[in-house]
Amino acid sequence: MRTVTGELRLGVADYTMLDACALAFLGSKEGRPLIERAYNIHPDLGFIVETLAVEGLEGIEAIRVEVGVPIRPMLAERLNSAKAIIAKLGNKVVAAEYKLDGERLQIHKRKEGVTLFSRRLEVITHNYPDVLELVAKNVASREAILEAEVVAINEDTGEYLPFQELMHRRRKYGVAEAMKQYPVALNFFDLLSADRKDYTNFPYGKRRAKLESVVKETERTRPVPALRTADPEEIEKFMEDAIANGCEGLVVKDLDGVYRAGAREFSWVKQKANFPTVSKIGTGFTDEDLQKLPRLLKNYESRVKPPNVESNLVPDVWFRPHLVIETIASEITLSPIHPAGMGRIRKESGLALRFPKFTGKIRNDKKPEDATTVDEIVEMYNLQLKKVERVAQ
DNA sequence: GTCCAACCCATTC
DNA sequence: GTCAGACCAATTCGG
DNA sequence: CCGAATTGGTCTGACGAATGGGTTGGAC
């Protein structure tokens with residue numbers, strides 16, 4: 001249920017619905033945490049509301065984790081230094097783990113077979129026949145719910161490949177061919193249920209121990225590399241290892257934390273002319289920025305594409321290059337759309353920014369000629385690759 | 001009637 | 001994925 | 001001491017990149 005009205009943003013989502021139902025059927029919001037918990041381990045709004053209406057709070061309390069029914073995934077928060085994370089988690093020993101650039105899988109294993117759920121709890125079992133086999137062979141538990149990151153790999157070197165490669169596996173047709181062309185590996189990072197026992201209320205340390213006892217380490221399967229420490233410097237070092245191994249960064253976990261389905265926990269990912277386009281950008285602007293931009297650009301508006309601009313996209317309004325703004329992005333990807341560096345890395349491919357965002361800084365001290373050049377972007381792209389290659393050796 | 005490119009929409013991150 | 005804004009609860013500040 | 005102001009946490013919906021698949025409409 002959604003509505004957007006002019007300048008006002010309104011939203012009615014599932015949680016609001018749960019609130020309303022708690023009020024309607026119980027007369028108060030008191031049962032809300034129980035209802036929320038039930039919803040998060042059995043995310044079917046119709047089912048929850050019906051149970052509440054027919055059986056009341058008792059029925060809600062009787063809802064259990066069930067293999068075959070997806071659980072809303074626990075999510076991660078973001079901080080930008082190891083020190084801040086350690087402080088936030090209470091200055092104690094934590095588990096720092098590689099954060100891989102793949103797709104999150106919630107794996108349900110039972111007698112009848114294995115089911116795979118995506119992050120949004122879609123059934124994607126048919127996409128990964130190879131994963132089903134890996135789970136059948138290498139998970140030493142008849143019934144279990146596990147979470148893993150599935151990553152595309154280079155079969156010869158074992159090296160991890162970018163997310164883009166994995167995306168070829170998300171298809172309805174030609175699954176068998178894609179499976180051969182884009183082989184994958186599994187990095188397990190959580191265990192929510194095993195042999196009919198619900199582990200979601202166990203501290204992470206225990207879940208991880210059980211995970212390690214259940215997942216067999218092979219070329220294609222393993223518990224995700226983890227380090228236990230309370231020292232920010234060790235985490236920084238581990239972070240560098242992770243990046244060097246082609247990961248996005250780290251996820252740092254509270255060893256005492258339970259699995260809070262559907263909630264946000266803690267994590268961390270550290271980072272870091274012609275005028276060909278390299279990205280569109282629509283994130284990072286405050287309302288104030290958006291109000292002021294038309295005024296700043298008014299004098300540079302152009303009815304047609306300015307001759308010194310190279311773009312495959314057609315915007316609503318063109319501007320002659322004038323204003324320089326500062327943007328950051330998580331990395332540079334090969335692009336079928338943006339012409340920056342076209343053909344320099346790969347035939348018919350340019351380069352684009354991944355997760356571009358405005359930093360809030362308008363660089364009045366710079367002219368378009370002073371902005372980052374294509375050469376520099378190509379160099380940045382090559383630097384990214386080197387880091388990955390170094391590990392593969 | 002058949003085929004294919006262009007478009008839009010879904011999902012992942 | 002990132003991010004800004006809205007909203008609510010808890011905490012701190014100022015009269 | 002109490003009400004006002006600030007802060008922190010959570011939720012929601014804007015927006016970015018990519019790929020695959022369904023639909024549509026024009027060329028033949």
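Remark: A:Lys280 is not in phosphate contact with D:dA14, judged by side-chain N or O atoms under 4.0 Å from OP1 or OP2. OP1 or OP2 of C:dG1 lies within a sub-4.0 Å distance of a side-chain N or O belonging to A:Arg119. At D:dG20, one or more side-chain N or O atoms of A:Arg171 fall inside 4.0 Å of OP1 or OP2 (strictly under the cut-off). Contact check, A:Ser335 against D:dA18: a side-chain N or O comes under 4.0 Å of OP1 or OP2.
Distances were taken from every side-chain heavy atom of A:Thr283 (C-beta onward) to each of D:dA18, C:dG5, D:dG16; the shortest belongs to D:dG16. Nearest to the side chain of A:Ile337, among D:dG20, D:dA18, D:dT10, sits D:dA18.
Proximity of the aromatic rings of A:Phe238 and A:Tyr98 is defined here by a centroid distance below 6.0 angstrom, and this criterion is met.
Partners of A:Asn154 under the side chain to side chain donor-acceptor pair (under 3.5 Å) rule, at least two apart in sequence or in another chain, do not exist in this structure. Scored by the side-chain contact (heavy atoms from CB on, under 4.5 Å) test, A:Val93 finds A:Arg228, A:Ala230, A:Leu255 as partners (sequence neighbours excluded). Every residue was checked against the salt bridge (charged side-chain N to carboxylate O under 4.0 Å, His left out) condition with A:Glu234, not counting sequence neighbours, and none meets it. Among residues two or more places apart in sequence or in another chain, the salt bridge (charged side-chain N to carboxylate O under 4.0 Å, His left out) test is passed with A:Glu326 by A:Lys361, A:Arg363.
To the nearest angstrom, C1' of D:dA18 lies 15 Å from CG of A:Leu161. The separation between A:Ile281 atom CD1 and C:dG1 atom C1' is 14 Å, rounded to whole Å. Whole-Å rounding puts the A:Ile325 CD1 to D:dC15 P distance at 16 Å. Here the C1' atom of nucleotide D:dA14 and the CZ atom of A:Phe355 are 16 Å apart, to the nearest Å. When rounded to the nearest whole Å, the span between NE2 of A:His126 and P of D:dG20 equals 13 Å. In this entry the distance linking CD of A:Glu288 with C1' of D:dA14 reads 18 Å, nearest Å. If you take CG of A:Asp101 and C1' of D:dT19, they are 14 Å apart, rounded to a whole angstrom. Note: CD (A:Gln164) to P (C:dG1) measures 17 Å, nearest angstrom.
Across A:Lys253 and A:Val94, no two heavy atoms sit closer than the pair O-CB, 3.4 Å. A pairwise comparison of heavy atoms in A:Asn40 and A:Gly262 identifies OD1-CA, 3.9 Å as the closest pair.
Annotation: of the two residues near DNA chain D, A:Pro356 and A:Arg170, the 5′-most nearest-nucleotide partner is A:Pro356. Between A:Tyr173 and A:Gly282, the residue anchored closer to the 5' end of DNA chain D is A:Gly282, taking for each the nucleotide with the nearest heavy atom.
Side-chain atoms of A:Asp190 do not come within 3.5 Å of backbone N or O of A:Glu147 as any donor-acceptor pair.
Counting any heavy atom pair closer than 4.0 Å across all strands shown, A:Thr286 reaches sugar-phosphate atoms only and no base atom. Using a 4.0 Å heavy-atom cutoff across all strands shown, A:Arg120 reaches at least one base atom of the nucleic acid. Backbone-only contact: A:Phe285 has heavy atoms under 4.0 Å from sugar-phosphate atoms and none from a base. Using a 4.0 Å heavy-atom cutoff across all strands shown, A:Ile124 reaches no nucleic acid atom at all.
At a cut-off of 3.5 Å, with distance as the only test, a side-chain donor of A:Tyr128 or A:Glu103 sits close to an acceptor on the other residue. Side chains of A:Thr200 and A:Asp198: a donor-acceptor N/O pair is present below 3.5 angstrom, by distance only.
Taken over five-pair windows at either terminus, the axes of the helix from B:dG1-D:dC28 to B:dC13-D:dG16 are inclined to one another by 10° (rounded to 10 degrees).
Protein chain A contacts DNA chain B from B:dT11 to B:dC13, reading 5' to 3' and using non-hydrogen atoms of the protein with a distance under 4.0 Å.
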